[in-house]
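FYI, the numbering just counts along the sequence from 1. From a predicted model like this one, the values you see are computed outputs, not experimental measurements.
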Amino acid sequence: MRPLFAPILAAMLVTSVAAQQQQTPGNQPPPAQSQPPKKPVKQPPPQPKPEEPAAKPTEPMPPQPEPKQGDDKKEEHFDMTEVAPVVSHHQMRMDGKTLKYTATAGKLPIKRADGKIEAEMFFEAYTLDGQEAGKRPLTFAFNGGPGSATIWLHMGALGPRHVALSADGFLPAAPYHVEDNPHTLLDKSDLVMVDAIGTGFSRAENLETAKKFWGVKGDIQAFSEFIRMYMSRYERWSSPLFLFGESYGTTRAAGIAGHLAEQGINFNGITLLSMVLNFQSLEDTKTNDEPYIYLIPSYTMIAGYHHKLSSDLQQDVNKARQEAEQWASGEYAQALAKGDAMSAAERDKVVTDMARYTGLTKEVIDQANLRIDVPKFTHYLLIDQKLRVGRLDGRYTGPDPDGLLDTRFYDPTEANIIAPYNTVFNNYVRTELGYKTDMPYYVFAQQQGFEEKWDWGSAGEGFPDTASALRRAVVKDPFLKVLVMEGYYDLACPYYAANYTVDHLNLSEKYRAQISYATYDSGHMVYLPTASLKKMKSDEAGFIEKSLTSQ
């Protein structure tokens with residue numbers, strides 16, 4: 001099963017994990033900033049009260065091949081000794097007011113039932129000063145992959161400081177810099193950004209142990225245990241709780257909600273950005289045509305953005321999108337269901353209509369047997385200009401690095417975002433947050449063969465699915481609210497596939513009312529353009545308020 005970020009993961013450098021050489025955080029003050037001084041202060045975290053042992057993930061990964069001669073990854077062991085988080089104090093101006101807040105950067109341990117630490121999960125927490133913790137909303141946020149750090153939500157959308165991009169979200173000239181985020185969520189909720197094990201600074205004690213957490217079930221259990229421990233150590237059990245997941249992070253969020261509901265921990269609200277819960281709607285096979293259907297409306301929007309639709313559709317692209325939805329779920333779905341039984345006349349009409357809604361030529365559609373996947377669409381839409389369009393965000397374009405016909409797959413979105421985010425974060429975490437370490441920050445899981453190591457769980461029975469876990473959480477708590485955020489130019493997690501999943505949760509009208517939507521004229525990372533980031537903040541702030549006032 002291909003992960004959501006397969007094209008990015010496939011391009012990652014395979015490097016040996018550097019030995020962990022972390023200095024004591026806080027032993028050197030960060031350099032002076034243009035804003036008020038932000039001096040980290042070393043202080044131990046509150047000690048947890050006696051409690052039951054931590055839950056232990058019980059789904060080990062399949063055995064992996066022995067490493068090749070000279071490959072010592074299997075022998076690597078990371079120091080699991082707990083180190084106190086580093087705490088610093090900051091302030092920013094927002095809507096004419098001064099926000100004073102505390103930042104905490106560090107790791108929490110993930111323990112076995114006997115108390116032995118098996119992994120440490122890195123986090124950055126932001127809490128607004130002068131607030132009553134018991135009444136202050138607390139949001140746990142994470143990205144997906146699987147195998148992606150939470151650098152994107154942290155430095156692009158939710159955090160008080162973010163990467164400075166151009167207004168449309170495109171790549172600026174280097175050197176890149178950080179700036180105050182006028183659309184941070186911090187004025188409405190305290191924030192905890194968490195990196196999955198094997199990403200960021202999060203590590204398991206060794207490669208064998210990491211396999212326990214590299215899977216649908218083990219990942220959910222690790223994040224659930226992190227949340228429980230954070231709530232205990234920082235005394236937030238009485239706070240209103242929220243989850244915010246992006247991409248595979250939505251798969252994880254739904255699983256966490258269902259898992260923790262079984263342990264008596266309920267959330268006030270869950271935000272699912274660029275959602276995928278049921279992978280049958282995303283992963284095509286020779287006998288599964290569903291993903292082709294749900295991609296059509298996104299193809300229409302991207303073709304319209306690049307002026308590839310016919311003149312009548314180009315006049316109102318949103319109207320064209322609605323037409324494409326109806327055609328895809330109706331005539332197109334019926335045609336795919338007929339397969340080879342279609343008559344020549346029926347097939348010709350489908351080819352003609354599909355060309356109309358996708359901007360592709362009839363020849364390409366015919367040669368693809370009416371089934372246009374993402375690599376084909378991104379390659380052929382602007383082939384007359386020798387450009388490829390983005391997968392994560394169809395607004396982006398760029399030439400294929402190895403040539404038009406020689407590049408197997410390429411996402412121009414990647415080239416626009418990785419360098420600014422990686423550069424800015426590595427400077428920010430060490431200077432402004434004062435977290436000093438020699439350990440590399442992995443934007444994506446760098447271990448060799450990580451993609452193949454991921455245990456997809458229920459994929460053995462069909463397709464991975466956490467929609468049922470979300471349903472359990474919703475029906476068990478009639479006060480739980482869910483917000484689905486969707487980008488129209490997203491080909492990694494198409495919005496129409498997310499709508500289909502929600503419409504098939506088997507919920508009565510009473511429970512369906514707990515779920516709402518927000519849509520954006522942007523891609524997978526809807527917050528890249530400034531206008532969409534501003535709307536996203538407004539939508540999320542309204543969602544939090546609604547979740548709290550309807551109790």
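Thr98 pairs by the side chain to side chain contact (heavy atoms under 4.5 Å, CB included) definition with Gln91, Arg93, Lys100, not counting sequence neighbours. Applying the salt bridge (charged side-chain N to carboxylate O under 4.0 Å, His left out) criterion to Asp219, with sequence neighbours excluded, gives Arg252. A search for salt bridge (charged side-chain N to carboxylate O under 4.0 Å, His left out) contacts involving Arg136 returns Asp190, not counting sequence neighbours.
When side chains are defined from C-beta on, Thr199 does not count as touching Ile151, because their heavy atoms never get closer than 4.5 Å. Using a 4.5 Å cut-off on side-chain heavy atoms (C-beta onward), Thr413 and Arg395 make no contact. Annotation: side chain of Thr251 is in contact with side chain of Phe279 (closest heavy-atom distance under 4.5 Å). Looking only at side-chain heavy atoms (C-beta outward), Leu185 and Leu191 come within less than 4.5 Å of each other. Taking the side chain as every heavy atom from C-beta outward, His524 and Ser247 approach each other to under 4.5 Å.
Results of the ring pair (Phe, Tyr, Trp, His ring centres under 6.0 Å) test with Phe201 over Phe123, Tyr442, Phe78, Phe122 single out Phe122 as the only residue that passes.
Checking side-chain atoms of Lys535 against main-chain N and O of Thr519 turns up a donor-acceptor pair under 3.5 Å. Judged by distance alone, the side chain of Asn426 and the main-chain N or O of Asn422 form a donor-acceptor pair under 3.5 Å. In this structure, Asp168 contributes its side chain and Pro529 its backbone to no donor-acceptor pair below 3.5 Å.
Counted by atom type alone, Thr102 and Asp129 present one or more donor-acceptor pairs between their side chains at under 3.5 Å.
Ionic pairing of Asp187 and Lys537 is present here: one or more N-O contacts between side-chain nitrogen and carboxylate oxygen are shorter than 4.0 angstrom.
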- Query: What's the verdict on side chain to side chain donor-acceptor pair (under 3.5 Å) for Tyr428 and Glu124, showing C-alpha distance, side-chain angles and the deciding distance?
  - Reply: CA-CA 12 Å; Tyr428 169 75; Glu124 306 95 347; over 6 Å; no
